[in-house]
Amino acid sequence: MLTIANRTFHSRLLLGTGKYPSFEIQKQAVEVSDAEILTFAVRRMNIFEESQPNFLEQLDLTKYTLLPNTAGAKTAEEAVRIAKLAKASGLCDMIKVEVIGDDRSLLPDPIETLKASEMLLNEGFIVLPYTSDDVVLAKRLEDLGVHAIMPGASPIGSGKGIINPLNLKFIIEQSQVPVIIDAGIGSPKDVAHAMELGADGVLLNTAVSGAKDPVKMALAVKLALEAGRLGYEAGRIEEKDYAVASSPLTGLVGS
């Protein structure tokens with residue numbers, strides 16, 4: 001089971017809630033995915049305006065843990081302000097820290113992310129920072145006391161999948177808190193790859209919401225995650241440069 005701080009989850013799939021063709025398709029995708037944690041950008045929701053449409057109204061919120069994120073923040077102070085807004089609305093005290101440092105690549109700002117995480121930990125939040133695949137930064141964040149590390153597979157929404165598996169593997173091996181691969185996932189193949197590396201979970205949005213059939217893709221990534229986790233736990237065979245016969249070479253008929 002996936003454990004974040006004092007919370008335990010059966011599903012290791014975290015699902016974003018943006019960019020779906022409709023609330024109904026979003027609801028169906030969420031349900032078929034079996035995800036228990038749903039993330040959303042606080043700044044893109046009218047959480048205090050009852051007259052505005054709200055995806056939360058479509059779901060039985062007793063089944064889910066909400067993970068607001070600070071998307072849109074450019075500084076640590078902005079991220080903290082957005083997190084406090086989410087907490088004040090009564091949504092959750094768990095927050096995904098997202099502080100973007102570059103508008104073109106949408107890569108996170110490591111300095112401001114570190115600063116925001118420390119400030120929010122001091123405020124009593126359960127902190128899950130979104131980072132690049134920087135091994136040293138991941139260690140510094142864990143040393144601060146964050147409750148999970150969320151390194152990106154590749155730039156947000158790019159669908160390029162995992163472009164630096166070695167760094168992700170290093171982060172996973174050194175971490176004593178859950179490592180959840182976040183951003184850039186494009187297909188079930190990428191999900192399985194992340195889990196085979198030993199990740200504790202995967203967070204994705206566009207791979208499902210942007211698919212031709214989001215509901216079918218939600219099911220596909222769920223199954224890929226389960227297969228990847230089982231493959232990791234089973235332990236794959238060692239790679240070799242040359243062929244090795246899969247059948248015994250002794251006791252052959254006619255030998």
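Owing to the predicted nature of the structure, the values given are computational and were not obtained by experimental measurement.
Under the 4.5 Å side-chain criterion, counting only non-hydrogen atoms from C-beta, K222 is not in contact with V32. Two residues are said to be in side-chain contact when any heavy atoms from C-beta on lie closer than 4.5 Å; R12 and R229 meet this criterion. Proximity of L223 to P188: side-chain heavy atoms (C-beta onward) are nowhere separated by under 4.5 Å. Counting heavy atoms from C-beta outward, L144 and V127 have side chains that stay 4.5 Å or more apart. Counting heavy atoms from C-beta on, the side chains of I185 and V221 never come closer than 4.5 Å. Between Y130 and L203, every side-chain heavy-atom pair lies at or beyond the 4.5 Å cut-off. In this structure, D103 and K74 have side chains that are in contact, with non-hydrogen atoms separated by less than 4.5 Å. Proximity of D34 to L13: side-chain heavy atoms (C-beta onward) are nowhere separated by under 4.5 Å.
Transitive grouping of hydrophobic side chains (ILVMFWY, heavy atoms separated by less than 4.5 Å) brings L121 and V97 into a common cluster. V177 and I37 fall into different hydrophobic clusters, where Ile, Leu, Val, Met, Phe, Trp and Tyr residues are linked whenever their side-chain heavy atoms come under 4.5 Å apart, directly or through other members. Put simply, L219 and L38 are part of the same group of oily side chains (I, L, V, M, F, W, Y) that touch within less than 4.5 Å, one to the next. Residue F9 is not grouped with residue V146 when hydrophobic side chains (ILVMFWY) are merged at heavy-atom distances under 4.5 angstrom, including chains of intermediate members. By the rule that hydrophobic residues join a cluster once side-chain heavy atoms approach within less than 4.5 Å of another member, V136 and I171 end up as members of separate clusters.
Separating the CD1 atom in I126 from the OG1 atom in T65 is a distance of 9.0 Å, to the nearest 0.5 Å. Within the model, atoms CG of L230 and CG of L225 stand 9.5 Å from one another, a figure rounded to the nearest 0.5 Å. Rounded to the nearest 0.5 angstrom, N205 CG and L14 CG are separated by 11.5 Å. Atom-to-atom distance recorded for L128:CG and D182:CG is 9.5 Å, nearest 0.5 angstrom. Separation of atoms OG1 (T39) and CD (E98) is listed at 8.0 Å; rounding is to 0.5 Å. Atom CG in L168 sits 4.5 Å away from atom CD1 in I181 (nearest 0.5 Å).
Using a distance-only test at 3.5 Å, with no hydrogens or angles considered, a donor-acceptor pair links the side chain of S209 to the main chain of G18. At least one donor-acceptor pair closer than 3.5 Å links the side chain of E36 to the backbone N or O of H10. Checked by atom type and distance alone, the side chain of D200 never pairs as donor or acceptor with a backbone atom of I180 at under 3.5 Å. D190 places a side-chain N or O within donor-acceptor distance of the main-chain N or O of S187, the cut-off being under 3.5 Å. In terms of modelled atom types and a separation under 3.5 Å, the side chain of S175 and the main chain of I172 share no donor-acceptor contact.
For D213, the side-chain hydrogen bond (donor to acceptor under 3.5 Å, both in side chains) test picks out no residue, with sequence neighbours left out. Considering only residues two or more places apart in sequence or on other chains, R81 meets the salt bridge (charged side-chain N to carboxylate O under 4.0 Å, His left out) condition with none of them. Residues passing the side-chain hydrogen bond (donor to acceptor under 3.5 Å, both in side chains) test with Q176, sequence neighbours excluded: none. Qualifying side-chain hydrogen bond (donor to acceptor under 3.5 Å, both in side chains) partners for T206, counting only residues two or more places apart in sequence or in other chains: none.
Closest heavy-atom contact between E78 and G72: OE2-O, 4.2 Å. Here the closest heavy-atom approach between residue I4 and residue P178 is recorded as CG1-CG, 4.4 Å. When all heavy atoms are compared, the tightest approach of A35 to S11 is CA-OG, 3.8 Å. Of all heavy-atom pairs between F40 and L66, the closest is CE2-CB, 4.0 Å. Across A148 and P129, no two heavy atoms sit closer than the pair O-CD, 3.0 Å. Closest heavy-atom contact between I149 and E142: CD1-N, 4.1 Å.
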What's the verdict on side-chain contact (heavy atoms from CB on, under 4.5 Å) for M150 and K96, showing C-alpha distance, side-chain angles and the deciding distance?
-> CA-CA 9 Å; M150 304 184 75; K96 175 187 170 186; 4.1 Å; yes
What do the steps show when you test L15 against L204 for side-chain contact (heavy atoms from CB on, under 4.5 Å), and what is the final call?
-> CA-CA 5 Å; L15 196 60; L204 52 81; 3.6 Å; yes
When you look at E77 and K115, which way does the side-chain contact (heavy atoms from CB on, under 4.5 Å) test go after all the steps?
-> CA-CA 9 Å; E77 289 75 17; K115 183 179 175 183; 2.8 Å; yes
Worked check of side-chain contact (heavy atoms from CB on, under 4.5 Å) between V80 and L120 | CA-CA 6 Å; V80 171; L120 288 166; 4.0 Å; yes
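Contacts classified as salt bridge (charged side-chain N to carboxylate O under 4.0 Å, His left out) and involving residues 116-138 (residues at least two apart or in different chains) are given here: K84-E123.
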Result block: side-chain N/O donor-acceptor pairs under 3.5 angstrom for residues 105-114, not counting sequence neighbours:
{"unit_1": "S105", "atom_1": "OG", "unit_2": "D102", "atom_2": "OD2", "d": "2.6"}
{"unit_1": "S105", "atom_1": "OG", "unit_2": "L107", "atom_2": "N", "d": "3.3"}
{"unit_1": "D109", "atom_1": "OD1", "unit_2": "I111", "atom_2": "N", "d": "3.0"}
{"unit_1": "D109", "atom_1": "OD1", "unit_2": "E112", "atom_2": "N", "d": "3.0"}
{"unit_1": "E112", "atom_1": "OE1", "unit_2": "A76", "atom_2": "N", "d": "2.7"}
{"unit_1": "T113", "atom_1": "OG1", "unit_2": "D109", "atom_2": "O", "d": "2.6"}

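Within 6.0 Å of OH on Y232 lie no more than 12 heavy atoms contributed by other residues, nucleotides or ligands.
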